[in-house]
Novice: 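One structure is given below, represented as structure tokens, and several questions about it will come after.
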Amino acid sequence: MRLYGREFASRLLLGTALYPSPDILAACVRAASPALVTVSLRREGAGLRAGEGFWSLVRDLGVPVLPNTAGCHTAREAVTTAQMAREVFDTDWIKLEVIGESDTLQPDVFGLVEAARILSGEGFKVLPYTTEDLVVAERLLEAGCEVLMPWGAPIGSGRGLNNLFGLRALRAHFPEVPLVVDAGIGLPSHAAAAMELGYDAILLNTAVAKAGDPAAMARAFAQAIEAGRTAFLSDPMEGRDMASPSTPVFGRAVLA
Ligand SMILES: CC(=O)[C@@H](O)[C@H](O)COP(=O)(O)O
């Protein structure tokens with residue numbers, strides 16, 4: 001998979017929040033070999049020494065870091081957080097989140113486009129957490145984003161793909177743009193379904209961190225994403241309403 005000109009072997013982007021322990025997080029990363037791990041500057045900054053410990057743990061994982069602007073509610077807050085993240089994590093990649101509504105954690109798409117334009121202008125590689133809205137997608141591309149990350153469902157809900165029609169339409173409208181389903185994935189089958197639609201990658205966190213056996217679930221997600229991608233590339237059959245015998249028979253059985 002290619003994002004902003006960089007090649008990644010994996011199509012899984014894994015969040016680093018909510019794990020029962022740092023060791024379990026490390027086991028999940030080993031089990032799934034994600035392309036990137038997301039980290040929240042606000043979380044690390046709040047913990048001070050705990051944050052430093054967490055940062056060295058993440059560095060030791062040996063996986064490229066994608067800082068995010070989780071918890072930001074305005075474009076200005078998100079831009080400042082991204083600028084600080086660039087210093088702290090020494091990367092110009094940013095997962096841009098501007099939250100607009102607290103029940104659904106739905107993105108504020110107006111603030112998102114504004115922040116994306118500013119950050120792209122400053123040389124950031126912006127990966128925006130957005131909805132499946134086609135017009136917003138167009139604006140984000142105009143603002144300089146080379147990747148789009150529509151939600152599957154509200155963050156942490158585990159509902160899967162809430163709007164299959166919208167996600168399919170987005171894929172069809174932007175065949176050349178790398179698209180990552182971000183948030184709301186609850187099961188490996190949800191991830192596989194998104195990959196079967198032709199999505200390029202999946203970003204998830206809660207479903208792995210909150211599983212009874214997080215490392216096993218991380219591995220299951222990696223396998224499902226791989227399987228979904230292979231299925232997409234295999235040109236799946238068209239669904240149909242009526243039965244079609246899968247064992248054609250010729251002539252009549254002769255019964256003695
Ligand atoms: C880790 C991160 O960036 C989250 O904000 C992301 O959207 C994941 O969502 P889930 O926890 O629903 O997988």
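When a ligand or atom number is given, it counts from 1 through the structure's own listing order. In this chain, residues are counted from 1 in sequence order.
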Novice: Give, for atom CD1 of I185 and atom OG of S157, the distance between the pair rounded to the nearest 0.5 Å.
Specialist: 9.0 Å

Novice: Identify the closest protein heavy atom to atom 10 (P) of ligand 1: which residue and atom is it, and at what distance?
Specialist: T206 OG1, 3.7 Å

Novice: Under 4.0 Å from ligand 1, counting heavy atoms only, is it the side chain of I155, its backbone, both or neither?
Specialist: both

Novice: Looking at G15, which atoms of ligand 1 are within less than 4.0 Å of one of its heavy atoms?
Specialist: 1 (C)

Novice: For ligand 1, does N205 get within less than 4.0 Å through its side chain, its backbone, both, or neither, judged by non-hydrogen atoms?
Specialist: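 Both of them.
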
Novice: For ligand 1, which atoms sit closer than 4.0 Å to a heavy atom of K95?
Specialist: 2 (C), 3 (O), 4 (C), 5 (O), 6 (C), 7 (O)

Novice: Polar-atom distance check: E97 versus ligand 1, any N or O pair below 3.5 Å?
Specialist: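 Between E97 and ligand 1 (N or O atoms, distance only) the closest approach is under 3.5 Å.
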
Novice: With heavy-atom distances below 4.0 Å as the criterion, list the atoms of ligand 1 near D182.
Specialist: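 Atoms satisfying the 4.0 Å criterion: 6 (C), 7 (O), 8 (C).
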
Novice: As an exercise, identify every atom of ligand 1 less than 4.0 angstrom from a heavy atom of G156.
Specialist: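 Here the atoms of ligand 1 in question are 10 (P), 11 (O), 12 (O).
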
Novice: T81 versus M84: any side-chain heavy-atom pair under 4.5 Å?
Specialist: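 A side-chain contact is absent here, since even the closest heavy-atom pair is not under 4.5 Å.
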
Novice: Any side-chain heavy-atom pair from L140 and T130 closer than 4.5 angstrom?
Specialist: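 Yes, their side chains come closer than 4.5 Å.
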
Novice: Can you tell me how far CG of L13 sits from CZ of F8, rounded to the nearest 0.5 angstrom?
Specialist: 7.5 Å

Novice: To the nearest 0.5 Å, what is the distance between OH (Y4) and CH2 (W93)?
Specialist: 8.0 Å

Novice: So if I count the atoms of ligand 1 from 1 in the order they appear, which ones are less than 4.0 Å from some heavy atom of L204?
Specialist: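 Under 4.0 Å from L204, ligand 1 has these atoms: 13 (O).
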
Novice: Determine the sole option in L141, D200, V180 for which the side-chain contact (heavy atoms from CB on, under 4.5 Å) test with L148 is passed.
Specialist: L141

Novice: As a test of understanding, state which of I155, L203, L112, V98 forms a side-chain contact (heavy atoms from CB on, under 4.5 Å) with Y129.
Specialist: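 For Y129, the side-chain contact (heavy atoms from CB on, under 4.5 Å) check succeeds only for I155.
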
Novice: Only heavy atoms of T38, strictly under 4.0 Å: list the atoms of ligand 1 that pass.
Specialist: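 That gives atoms 1 (C), 3 (O) of ligand 1.
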
Novice: Of all the heavy-atom pairs spanning A116 and C145, show the shortest one and how long it is.
Specialist: CB-SG, 3.8 Å

Novice: Quick check: G184 and ligand 1, any N/O pair under 3.5 Å apart?
Specialist: yes

Novice: Find out whether I99 and P107 are in side-chain contact, i.e. whether some heavy atom of one side chain is under 4.5 Å from a heavy atom of the other.
Specialist: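 A side-chain contact is absent here, since even the closest heavy-atom pair is not under 4.5 Å.
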
Novice: Indicate yes or no: does an N/O atom of Y129 lie under 3.5 Å from an N/O atom of ligand 1?
Specialist: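 No, there is no polar N/O contact under 3.5 Å.
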
Novice: Heavy atoms only, cut-off 4.0 Å: how does N68 contact ligand 1, side chain, backbone, both, or neither?
Specialist: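 Just the side chain.
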
Novice: Starting from atom 9 (O) of ligand 1, locate the nearest protein heavy atom and write down its residue, its atom name and how far away it is, to 0.1 Å.
Specialist: A183 CA, 3.4 Å

